[in-house]
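Have a look at the structure below before the remarks.
This structure is a prediction, so every number in the text was calculated from the model and none was measured.
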Amino acid sequence: VQLQASGGGLVEPGGSLTFSCTASRGTFKVNIISRYTVGWFRQTPGKERESVATISRSGLAYYDSSVEGRFAISRDDAKSTVYLRMNSLKPEDTAVYYCAARHVILSDSNYYSRENDYADWGHGTQVTVSS
């Protein structure tokens, strides 16, 4: 599956951004993402890619402790899109953000947080939090 991420940019501390990650297979988009657990990761220079948030096929959401209460992940399967709403942004949230997808069976609601749990990745999108 191909993943197209969008929504990064420059924002002041305390501000908000929303990412979207849209899945497609060729020209086909409708409901493609419904078969996947989707995760958002971020990476800063010299560090490993780290999980930020994950949403299962059934809509269960999981968050890293560093973003709990500030970020919200959601999905719209009809649009084949997963969103990451980021509020109360801090300078330490500055990173390149990636979305990733893992094909799972319907009953699988596990929290997949490792980079190698995912086979499909979107391109990275820069977020800079600075005044």
Side-chain angles (χ1 to χ4, degrees):
V1 67
Q2 292 82 45
L3 301 174
Q4 180 68 42
S6 61
L10 173 65
V11 63
E12 293 186 348
S16 299
L17 283 174
T18 298
F19 276 125
S20 63
C21 178
T22 299
S24 63
R25 183 174 291 120
T27 58
F28 191 68
K29 290 185 179 180
V30 177
N31 271 330
I32 286 293
I33 211 166
S34 65
R35 300 179 180 184
Y36 293 82
T37 285
V38 176
W40 284 95
F41 288 74
R42 65 187 179 188
Q43 188 171 26
T44 54
K47 292 189 176 181
E48 293 185 355
R49 201 169 291 186
E50 63 176 7
S51 173
V52 174
T54 301
I55 189 164
S56 71
R57 279 187 67 170
S58 63
L60 288 177
Y62 304 93
Y63 300 95
D64 182 79
S65 58
S66 65
V67 306
E68 183 85 49
R70 299 188 297 121
F71 290 13
I73 190 170
S74 60
R75 64 191 301 149
D76 185 338
D77 288 345
K79 295 182 179 179
S80 210
T81 299
V82 169
Y83 303 95
L84 183 68
R85 174 67 176 178
M86 303 183 291
N87 298 318
S88 303
L89 282 161
K90 305 175 181 180
E92 51 264 42
D93 294 319
T94 296
V96 177
Y97 285 72
Y98 300 85
C99 64
R102 176 187 174 96
H103 189 270
V104 296
I105 60 174
L106 183 58
S107 60
D108 185 344
S109 293
N110 290 328
Y111 178 23
Y112 293 102
S113 62
R114 299 178 303 171
E115 188 174 350
N116 61 9
D117 286 332
Y118 295 85
D120 299 303
W121 289 83
H123 61 84
T125 305
Q126 177 71 44
V127 169
T128 302
V129 184
S130 175
S131 55

Check the pair W40 / M86 against side chain to side chain contact (heavy atoms under 4.5 Å, CB included), numbers first and verdict last. CA-CA 11 Å; W40 284 95; M86 303 183 291; over 6 Å; no
Interatomic distance, E48 atom CD to R114 atom CZ [nearest 0.5 angstrom]: 12.5 Å
Classify the ring geometry of Y97 against F71: parallel below 30°, tilted from 30° to 60°, perpendicular beyond 60°. tilted
Could you report the tightest heavy-atom contact between T81 and S20, atom names first, then the distance? CG2-CB, 3.9 Å
Identify whether Y83 and L89 are in the same connected component of the hydrophobic contact network (ILVMFWY, side-chain heavy atoms under 4.5 Å). no
Around R35, counting heavy atoms of other residues, nucleotides and ligands shown, do more than 12 lie under 6.0 Å from its CZ? no
Rounded to the nearest 0.5 Å, what separates atom CD in E50 from atom CD in Q43? 9.5 Å
Looking at R57 and V104, would you say the former's side chain and the latter's main chain have a donor-acceptor pair under 3.5 Å? yes
In terms of heavy-atom contacts, F41 and S113 come closest through CE2-O, 3.4 Å
Determine whether Q4 and H123 satisfy the following criterion, side chain to side chain contact (heavy atoms under 4.5 Å, CB included), listing intermediate values before the conclusion. CA-CA 7 Å; Q4 180 68 42; H123 61 84; 2.9 Å; yes
Name of the residue among D77, T22, D76, I55 meeting side chain to side chain contact (heavy atoms under 4.5 Å, CB included) with I33: D77
Please confirm whether R102 makes a cation-pi placement over Y112, using NZ or CZ under 6.0 Å from the six-membered ring centre and within 45° of the ring normal. yes
Residues joined to Y62 in its hydrophobic cluster, side chain to side chain under 4.5 Å directly or through other members, sorted by chain and number, are L60, Y111
Quick check against the 3.5 Å criterion: does D108 have a side-chain atom that pairs as donor or acceptor with the backbone of I105? no
Would you check if D93 and R70 make a side-chain contact, meaning some heavy-atom pair closer than 4.5 Å? yes
What about I73 and W121, same hydrophobic cluster or not, with Ile/Leu/Val/Met/Phe/Trp/Tyr joined at side-chain heavy-atom distances under 4.5 Å? no
Can you tell me how far OG1 of T54 sits from CG of D117, rounded to the nearest 0.5 angstrom? 8.5 Å
Determine whether the side chains of S56 and S58 contain a donor N or O and an acceptor N or O closer than 3.5 Å. yes
Heavy-atom pair with the smallest gap, counting every atom of S131 and P13: N-CD, 3.7 Å
Where do L17 and F19 land on the side chain to side chain contact (heavy atoms under 4.5 Å, CB included) test, with the steps shown first? CA-CA 7 Å; L17 283 174; F19 276 125; 5.6 Å; no
Do Y98 and Y118 share a hydrophobic cluster (ILVMFWY, side-chain heavy atoms under 4.5 Å, transitive)? yes
For residues 69-131, pull every pair meeting disulfide bond (SG atoms under 2.5 Å apart), keeping only residues two or more places apart or in separate chains. C21-C99
What I want to check is whether the side chains of T128 and T94 have a donor and an acceptor closer together than 3.5 Å. no
Closest approach of R75 to G59 (non-hydrogen atoms, all atoms of both residues): CD-CA, 4.4 Å
Taking all non-hydrogen atoms of both residues into account, name the closest pair between A23 and L3 and its distance. CB-CD2, 3.7 Å
Would you say CD of E92 has more than 12 non-hydrogen atoms from neighbouring residues, nucleotides or ligands within 6.0 angstrom? yes
Of all heavy-atom pairs linking Y36 and A101, the shortest is CD2-CB, 3.7 Å
